[in-house]
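Being a predicted model, the structure only gives us computed values, none of them experimental. Order of listing sets the numbers, starting from 1, for every ligand and every atom in it.
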Amino acid sequence: MTEEKKFGSTVLRLDCVSSTNDVAKDFAASGATEGLCVIAKEQTAGRGRQGRTWSSPAGEGLYMSVVLRPEINPSASGIITLASAIAVAETLRLDYEIDAEIKWPNDVMVRGRKICGILIESAVQDDRLDYIVLGIGVNTGQRGFPEEVTSTATSVWLEARRSISPEEFAEALLPRVERWYVASLEHSAEIISRWEELSPSSQSCQVRVDASDGHIDGITRGLTPKGALIVELANGERREIVVGDVRVRSLTA
Ligand code: BTN
């Protein structure tokens with residue numbers, strides 16, 4: 001069983017890095033133990049899923065990466081992404097009274113605006129998972145966003161009118177990341193049910209899923225036991241989405 005309370009026992013606090021995921025990967029490749037955490041005040045090349053950038057201005061967000069060494073099949077790592085989104089959503093809800101929800105697979109949203117993104121990157125050797133770097137970006141301090149993202153991004157400050165430091169948010173978040181990570185390895189059914197509770201758009205919601213080979217429209221029907229999103233097409237066929245971007249269109253009956 002994974003030992004509790006090792007996340008955050010070693011935290012590297014840095015001023016400015018390209019990406020905390022890169023720094024954590026270097027440490028992981030040199031043998032860093034599970035739970036090592038890298039936090040930077042600023043990233044010059046913060047990155048997101050599907051080749052996107054993650055805006056990382058100094059002091060306005062939490063930019064954090066954690067080294068994980070789960071003994072699982074590389075193809076099963078998606079459940080850890082779901083677990084991390086639960087940890088962030090619960091921290092926002094329980095510690096900051098912000099009505100955070102999860103949008104598949106791992107965007108944490110408030111009033112339809114994104115407040116946190118999660119990027120998991122894995123190193124695999126001979127079909128074996130060597131390590132995972134779990135990167136979490138949370139908008140904490142922004143008092144506004146550039147016009148092109150004002151309707152799609154938000155921050156802790158904008159939602160709760162509370163000035164909190166990224167470091168303070170990390171302290172509240174890390175024990176939950178550890179708790180849900182351990183659960184993802186031992187009780188994945190618990191992850192699926194908690195994730196679904198925190199994700200109203202995963203049930204009976206009209207969505208468009210953008211994938212590399214085009215898009216599909218349909219109605220969400222929850223998750224598979226491995227965390228794929230089930231989308232029902234107009235002809236009743238059910239597709240299991242493993243990779244893609246979901247755009248919520250409306251809630252249906
Ligand atoms: C996404 O929503 O596309 C994922 C964004 C992940 C951003 C975090 S910030 C800390 C870590 N370092 C990075 O370069 N990316 C992740």
Engineer: For ligand 1, is there an N or O atom under 3.5 Å from any N or O atom of T20?
Structural biologist: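 Such a contact does occur with ligand 1.
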Engineer: For I136, take its heavy atoms, then give the atoms of ligand 1 lying under 4.0 Å from any of them.
Structural biologist: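 What qualifies from ligand 1 is 8 (C), 9 (S), 10 (C).
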Engineer: Tell me if a side-chain donor or acceptor on Y63 pairs with a main-chain N or O of G135 at a distance below 3.5 Å.
Structural biologist: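 Such a contact is absent between Y63 side chain and G135 backbone.
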Engineer: Could you tell me whether a side-chain N or O of R69 sits under 3.5 Å from a main-chain N or O of I132, the two making a donor and an acceptor?
Structural biologist: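 No; judged by distance alone, with no hydrogens or angles, the pair does not exist.
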Engineer: Taking distance alone, with N or O pairs closer than 3.5 Å, would you say S19 contacts ligand 1?
Structural biologist: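 N/O-N/O distance under 3.5 Å: yes.
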Engineer: Quick test: of every protein heavy atom, which one is nearest to atom 5 (C) of ligand 1, and how far off is it to 0.1 Å?
Structural biologist: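 Residue, atom and distance for the closest contact: W54 CE3, 3.5 Å.
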Engineer: Number the atoms of ligand 1 from 1 as they appear, then name those within less than 4.0 Å of a heavy atom of G48, with their elements.
Structural biologist: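 In order of numbering, the contacting atoms are 1 (C), 3 (O), 4 (C), 5 (C).
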Engineer: At what distance is the nearest protein heavy atom to atom 8 (C) of ligand 1, and which residue and atom is it?
Structural biologist: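 Answer, as residue, atom name and distance: G137 N, 3.6 Å.
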Engineer: In this structure, does ligand 1 have an atom that sits under 4.0 Å from one of the heavy atoms of K114?
Structural biologist: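 Flag set, K114 near ligand 1.
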Engineer: Donor-acceptor check, side chain of N106 to backbone of T81, threshold 3.5 angstrom: yes or no?
Structural biologist: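 Pair absent, no side-chain N/O of N106 close to backbone of T81.
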Engineer: Which protein heavy atom lies closest to atom 9 (S) of ligand 1, and at what distance to 0.1 Å?
Structural biologist: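 Going by distance alone, atom 9 (S) of ligand 1 is nearest to Q43 NE2, 3.5 Å.
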Engineer: Would you check if the side chain of R49 reaches a backbone N or O of G244 as a donor-acceptor pair within less than 3.5 Å?
Structural biologist: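 Yes, R49 side chain to G244 backbone: donor-acceptor pair under 3.5 Å.
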Engineer: So, the side chain of S75 versus the backbone of N73: is there a donor-acceptor pair under 3.5 Å, distance only?
Structural biologist: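 Such a contact is absent between S75 side chain and N73 backbone.
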Engineer: Does a donor on one side chain and an acceptor on the other come within less than 3.5 Å for S19 and N21?
Structural biologist: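 No, N21 and S19 have no side-chain donor paired with an acceptor closer than 3.5 Å.
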Engineer: Of the side chain and backbone of I118, name the one, both, or neither that has a heavy atom under 4.0 Å from an atom of ligand 1.
Structural biologist: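 The answer is the backbone of I118.
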Engineer: Counting only heavy atoms closer than 4.0 Å, does ligand 1 sit against the backbone of N106, its side chain, both, or neither?
Structural biologist: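 Neither; nothing of N106 gets under 4.0 Å from ligand 1.
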Engineer: Between ligand 1 and R47, is the shortest N or O to N or O distance under 3.5 Å?
Structural biologist: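 N/O-N/O distance below 3.5 Å exists for this pair.
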Engineer: Can you tell me if T220 uses its side chain to pair, donor with acceptor, with the backbone of S201 under 3.5 Å?
Structural biologist: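 Answer holds: yes.
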Engineer: Should the pair R93-E90 be classified as a salt bridge under the 4.0 Å nitrogen-to-oxygen rule?
Structural biologist: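 Here R93 does not pair with E90 in a salt bridge, since their nearest N and O are not under 4.0 Å apart.
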Engineer: Look at atom 3 (O) of ligand 1 and say which protein heavy atom is nearest, naming residue and atom and giving the distance to 0.1 Å.
Structural biologist: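 Answer, as residue, atom name and distance: R49 N, 2.6 Å.
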